[in-house]
Amino acid sequence: MTVKRAADHGFHRSMSMQSNERSQTTLDFEASEGERETIAAWLETPSVKRLTAHVERHPWRGTGLSVAGRFAADVERICGVSLERFDEH
């Protein structure tokens, strides 16, 4: 079994993590075509058609931060039985 490091995938974004910013922050990201190609190669799948991320940052306990988010993707896969390609969300 091969374990792949998360840094190999090529989808990175930065956001401010300064605790003096007391407001809630919401960020939405979308992977570029090049990032999607890199991720598809990393996942060993034909293509990643769409990859988005929604991240929310909230103040937490005075000087801390709480960060939560979700990803959504449309990925082209290959059936292991028929070898037909299909889309997965």
Side-chain angles (χ1 to χ4, degrees):
M1 176 178 177
T2 302
V3 177
K4 298 179 181 182
R5 300 177 318 137
D8 293 342
H9 58 66
F11 184 55
H12 307 279
R13 296 295 184 275
S14 298
M15 63 185 284
S16 173
M17 299 299 288
Q18 296 179 11
S19 60
N20 63 352
E21 295 179 17
R22 304 310 309 155
S23 62
Q24 174 180 335
T25 303
T26 300
L27 299 167
D28 292 299
F29 305 111
E30 187 163 349
S32 69
E33 182 177 350
E35 289 168 327
R36 292 191 316 268
E37 289 172 357
T38 300
I39 294 165
W42 183 68
L43 294 173
E44 299 175 353
T45 193
S47 70
V48 174
K49 296 180 177 184
R50 181 182 66 90
L51 174 61
T52 60
H54 176 82
V55 179
E56 295 179 355
R57 186 199 70 183
H58 306 271
W60 183 71
R61 292 190 173 188
T63 60
L65 296 171
S66 170
V67 179
R70 65 180 178 270
F71 291 89
D74 294 321
V75 179
E76 184 178 32
R77 307 288 302 256
I78 298 176
C79 177
V81 176
S82 68
L83 301 178
E84 291 182 69
R85 292 180 181 219
F86 65 96
D87 291 337
E88 184 174 35
H89 178 76

- Message: Apply the hydrophobic cluster definition, ILVMFWY joined by side-chain contacts under 4.5 Å directly or through others, and give me every member besides Leu83.
- Response: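 Grouped by the 4.5 Å side-chain rule, Ile78 form the rest of the cluster around Leu83.
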- Any residue meeting side chain to side chain contact (heavy atoms under 4.5 Å, CB included) with Glu33, in chain and number order, not counting sequence neighbours: Arg36, Glu37
With sequence neighbours left out, what residues match [X] under side chain to side chain donor-acceptor pair (under 3.5 Å)?
| X | value |
| --- | --- |
| Thr45 | none |
| Glu88 | Arg77 |
| Asp74 | Arg50, His89 |

- Task: Would you mind reporting whether Val55 and Val67 have side-chain heavy atoms less than 4.5 Å apart?
- Result: yes
- Message: If the condition is salt bridge (Lys or Arg N to Asp or Glu O under 4.0 Å), which residues does Glu30 pass it with, not counting sequence neighbours?
- Response: none
- Task: Please report the closest heavy-atom contact between Cys79 and Phe86, naming both atoms and the distance.
- Result: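 Taking every non-hydrogen atom into account, N-CE2, 3.5 Å.
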- Taking every non-hydrogen atom, the tightest pair across Ser47 and Ala40: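 Closest approach of Ser47 to Ala40: CA-CB, 3.8 Å.
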- Say you draw a straight line from CD of Glu35 to CG of Leu51; how long is it, rounded to the nearest 0.5 Å?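 Interatomic distance, Glu35 CD to Leu51 CG, rounded to 0.5 Å: 8.0 Å.
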